[in-house]
Amino acid sequence: MAATMNEKAMSDEVWLISRARACMKPSKNDPYAAKAWMITARSLFPKNFSIQFEAYSLEKVGKNVKEAAKLLEEMFGLFPNEPQLWEEIQEILEILQTEMSANSHKNFLTEIFAAVSTPTQCQMLLSVAQKISNTLEQCRLLLLAMRKFPNLVFEHGLKLLDTLQQAELEAKIKYPVNCYRKLFELLSPTKSSNRVSIPGLFDKECQVSDPWGSLLKLIILLGQLMDWDVPQDLFSEPREIQYKNIFSLYNRARQTRSPEQTRQVLYTTVVLFLECLYTYVSSVDPQSFLGPSASHTPLVLMEKFENESLEEEPLAKKAKVQSESSPIIVGADCLSNASRIINSFTTAFKCYELMHSTTELQTEFMKLCEIWHMETWTWMGHFQTDMLIYQGAFADAIAHLQNFSSTIKENMQLRSNLQMACCFYCLHRYSKACELVLNVIKDLPYTHDKTPTSNVSESSGAKGRQLWLTKCTESEILPYCIQLLLAALKSKAFSANGDDTSLGHMVVLLQYDWPKSEALFFEVLKKIKQQNSLVYNMFFNYIINVDILEEFAFLKTVEGGKVNLDILPTSTKIIAQQRTVTRGVNKGVKEDFKLTMVKQVSRSEEPVEKLIRTFLTNERISILKALA
C-alpha cells in the first residue's frame, strides 16, 4: 500500500525513470526492459531533459557507443543550458586532453565523442571553452579545437595568441619556458629530453618530439608571412652554407639600412646561434642539459702544442700574434662526430661576432639576453671560455675561468684546469702552467698495464695556430699534459738562461712517446754536445729507454765527443773527492758508469707510464723550479 502511495506522489516522468532503473537492479538485470521503458518515456516526454539524460546514461551502461553519441548530440541541441549536460561534456573534453588511460570508462567516453558528428564536436569544444573562466583551460580547449578543425585557426588563432600573451603578462612570469607559451608550441629547445616539467600543464603537453626542428620551421614560417628574404632550406644546409646565407642577408641589410631587414638578420642569426650553441655545449658538457645522471665524458678545447724544430717560430709566439685567418680546430680520433661539433662551435662564434658587429644588432641582441636572463645560463660560460681561447685572448680566458671557478661543476674541473694551463703557457708563464698540469696528472686514474700511445692528432701541415678538441679521459689528457710539459721545458732549456736540469727533465719525458719524439731528443743531444757537458744526477732514476741509454753511452766515447756526463746518482766530483788515491780516478768513474749503464738496461721492460708518473710526482718541486 505504501509503495502505491509513493508511486502516486511521483510525476509521470519520474515514475517512468524509476521503472527503467528498477529493471537494471541486480535482482532483475533486464536491460532490454529498461530500454523499452526509456523509449516509451522519450516518446511521451521528448522535451524532458531528465528522461533524455537517463536514456543516455542507460546506453553508457550498456556500452552502446553509437546510441549514446546520438543522444548526447540531441541533448546538446535541445538543452544547451543544462548544468548536468555541461558537466558530462566537460568531463569528456578533459579526458581528450590527457594521455591514454587504462581506465575503460574514460576510454569509452572518448569513443562516444568520436562518434558525435564533426560539426557538433566543433561546437562542443568552442562552447565549453567560452564558458570556462580559467584562461589556461580555455586556451587549452581552443587549441584542441584548432588541432581537430584547422579551419578554426583563421577565426580564433590571433585571439588565442593575444589571450595567452595577456595571461602571461598578468601572471608576471619571468622565464620564457612557461605553460602559456608551451600551449602555443614555444617550448625552449635547450631541453633535449622529450618531456620536461612545466607547472600548469599535463604530462602530455610537456612533450615535444623535435624542439629544434619546430623552432627552425617556425622561423621560416614567420619569414614567409613577413616577406623576409630567407631561403626555405636555410637550416637544412651545412653549417658553412647557413652562415654564408645569413651573412648575405647582413650585407644587404647594411646596404639598404632597412630596419625590417635588420630585424630578419637579428632573428635568423639568433636562432642559428642558439642551435649551434646548444649542439656544441651539449657535447662539451652533457650534464648541462641531460642532468647529473648523464654518463657522457666532457670535451675540452685547448691550444695544440707541436714539438717544433728550433728553426721554427715557437708556438707561444704564434699564439700571441694573431694570424689573419682564424685558427684551425683539430678533432681527436676518439670523436666520431668531431666535424659536427667543431662546425657548430665555429658557426656559433661567427654568429656571436655578427650580432656584435653593429650598434643596432648588439642593442637588440642584448635586449633578448636580458629577457632570457642569459646570465643564469651557467653552461654559457663554457662557450665563452672556448671563444676567448679561439680568439687568442688568453689573459681574458684565465680571468673568465677564475671568475666562474666557484660555479664550475666537479665533472668540469679537469677541463677548467687544462684550459687555464694552456692559457698560462701561451702567456709564457710556464711555471704556473706546469703547476696546473701536474695537478691534473695527479688526479688522473692510473692503469698499471697500459702501454702509452700518442693520442694527440698529428699536425695537418697547416701554418698558424691550431686548437685541439678531445675528451677529458686519461688516454687523451696524459699525452697532452706531457707534451705541454715538454714544450715548456724546451722553451726554458734552449733559451739563453737554460740549464741542465731542464734538458734532463726533457729526456725523461721524451721516453713516453718514443720513438715519435726521437727528433726532439736529437735536438737535446745536439745541445749537450755543444756545451760538452751535462749534469743530471737523477738520470738513472728515471731513464730506462734502451735507445736513449745507447746514445748517452756513445757520448762518453771518443767517437761521440767524449762529453763530460755527470749523470751518476752520486756526482762524479763527489766520487773523485771520496777516492783516496788520485791515480786512476777517471778509470774508476768510467767503470762505475759502464756498470750502472748495463744495470740500467735491465730496467727497460718497466712500465713507462708508471715511471713517468712517479717522476712527475716525486720531482714536482724540481720541475717547477727549473721553469721558474
Side-chain angles (χ1 to χ4, degrees), residues 284-285 297-307 314-316 319-320 332 381-382 384-390 392-446 455-456 465-493 501-502 505-506 508-509 512-513 609 612-628:
V284 167
D285 180 19
T297 304
L299 305 185
V300 60
L301 182 70
M302 304 174 288
E303 200 76 27
K304 188 172 186 291
F305 295 97
E306 301 287 350
N307 290 324
L315 178 143
K320 185 177 180 181
H382 304 324
Q384 291 172 323
T385 300
D386 295 358
M387 184 169 59
L388 290 169
I389 292 175
Y390 185 75
F394 303 112
D396 292 338
I398 291 171
H400 178 77
L401 286 166
Q402 290 174 337
N403 287 338
F404 289 92
S405 60
S406 60
T407 62
I408 294 176
K409 295 175 293 185
E410 184 178 354
N411 70 309
M412 299 299 286
Q413 192 63 54
L414 176 67
R415 180 183 200 268
S416 175
N417 288 339
L418 283 167
Q419 290 188 316
M420 205 174 296
C422 102
C423 290
F424 275 117
Y425 173 82
C426 292
L427 293 173
H428 295 205
R429 296 180 61 181
Y430 302 133
S431 181
K432 183 61 177 178
C434 292
E435 181 183 353
L436 287 164
V437 162
L438 291 172
N439 289 339
V440 167
I441 294 175
K442 181 183 66 176
D443 295 335
L444 283 174
Y446 169 61
N455 290 280
V456 182
R465 288 178 59 214
Q466 291 188 28
L467 303 180
W468 193 49
L469 182 69
T470 190
K471 290 183 177 181
C472 290
T473 58
E474 179 198 12
S475 60
E476 299 295 315
I477 296 308
L478 184 58
Y480 180 85
C481 289
I482 292 174
Q483 277 202 357
L484 187 146
L485 288 167
L486 274 170
L489 288 167
K490 178 183 173 181
S491 296
K492 183 65 183 291
T501 303
S502 299
H505 289 342
M506 283 184 68
V508 175
L509 294 178
Y512 184 83
D513 202 19
E609 182 182 345
I612 295 294
R613 296 188 68 154
T614 301
F615 164 74
L616 294 174
T617 302
N618 294 347
E619 309 303 332
R620 176 190 177 92
I621 296 175
S622 175
I623 294 169
L624 296 178
K625 185 178 179 180
L627 293 167

I482/D513 under side chain to side chain contact (heavy atoms under 4.5 Å, CB included): CA gap, chis, key distance, verdict: CA-CA 9 Å; I482 292 174; D513 202 19; over 6 Å; no
Residue pair K409, Q413: steps toward the side chain to side chain contact (heavy atoms under 4.5 Å, CB included) verdict: CA-CA 6 Å; K409 295 175 293 185; Q413 192 63 54; over 6 Å; no
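Considering only heavy atoms from C-beta on, M302 comes within 4.5 Å of T470 through its side chain. Put simply, the side chain of E609 reaches to within 4.5 Å of the side chain of E474, judged on heavy atoms. Looking at L485 and I441, their side chains come closer than 4.5 Å, going by heavy atoms from C-beta outward. Contact of the L467 side chain with the Y390 side chain is registered, since non-hydrogen atoms from C-beta on lie closer than 4.5 Å. Under the 4.5 Å side-chain criterion, counting only non-hydrogen atoms from C-beta, L418 is not in contact with L484. In this structure the side chain of L469 never reaches within 4.5 angstrom of the side chain of V300, judged on heavy atoms. Counting heavy atoms from C-beta on, the side chains of I398 and L427 come closer than 4.5 Å. For the pair M420/K432, no side-chain contact is recorded, criterion being any heavy-atom separation below 4.5 Å from C-beta on.
No donor-acceptor pair closer than 3.5 Å links the side chain of R415 to the backbone N or O of C472. A donor-acceptor contact shorter than 3.5 Å is absent between the side chain of K442 and the backbone of R613. Here the side chain of H400 pairs no donor or acceptor atom with the backbone of Q384 at under 3.5 angstrom. Here the side chain of R465 pairs no donor or acceptor atom with the backbone of K304 at under 3.5 angstrom.
Atoms CD1 and CG, on I477 and N417 in that order, are 11.0 Å from each other to the nearest 0.5 Å. To the nearest 0.5 Å, atom CG of residue L401 and atom OG1 of residue T385 are 4.0 Å apart. Remark: L436 CG to Q419 CD distance equals 12.0 Å, nearest 0.5 Å. For the atom pair NE2 (H382) and OG (S416), the distance works out to 9.5 Å, reported to the nearest 0.5 Å. If you take CG on L616 and CD1 on I623, they are separated by 5.0 Å, rounding to the nearest 0.5 Å. Here the straight-line distance linking atom CG of L627 with atom OG of S491 works out to 9.0 Å at 0.5 Å rounding.
P298 and N411 make their closest contact through CG-O, 3.6 Å (heavy atoms, listed as atom of the first residue, atom of the second, distance). Of all the heavy atoms in T501 and S622, the pair that sits closest is CG2-OG, 3.8 Å. Taking both residues in full, the closest heavy atoms of A628 and K492 are given as O-NZ, 3.2 Å, listed atom of the first, atom of the second, then distance. In terms of heavy-atom proximity, H505 sits nearest to A626 at CD2-CB, 4.3 Å. Between Y512 and P479, the closest heavy-atom pair is OH-CG, 3.8 Å. The shortest non-hydrogen separation linking Y480 to E303 is OH-O, 2.5 Å.
Between Y430 and Y425, the ring planes lie tilted relative to each other; the angle falls in the 30° to 60° range.
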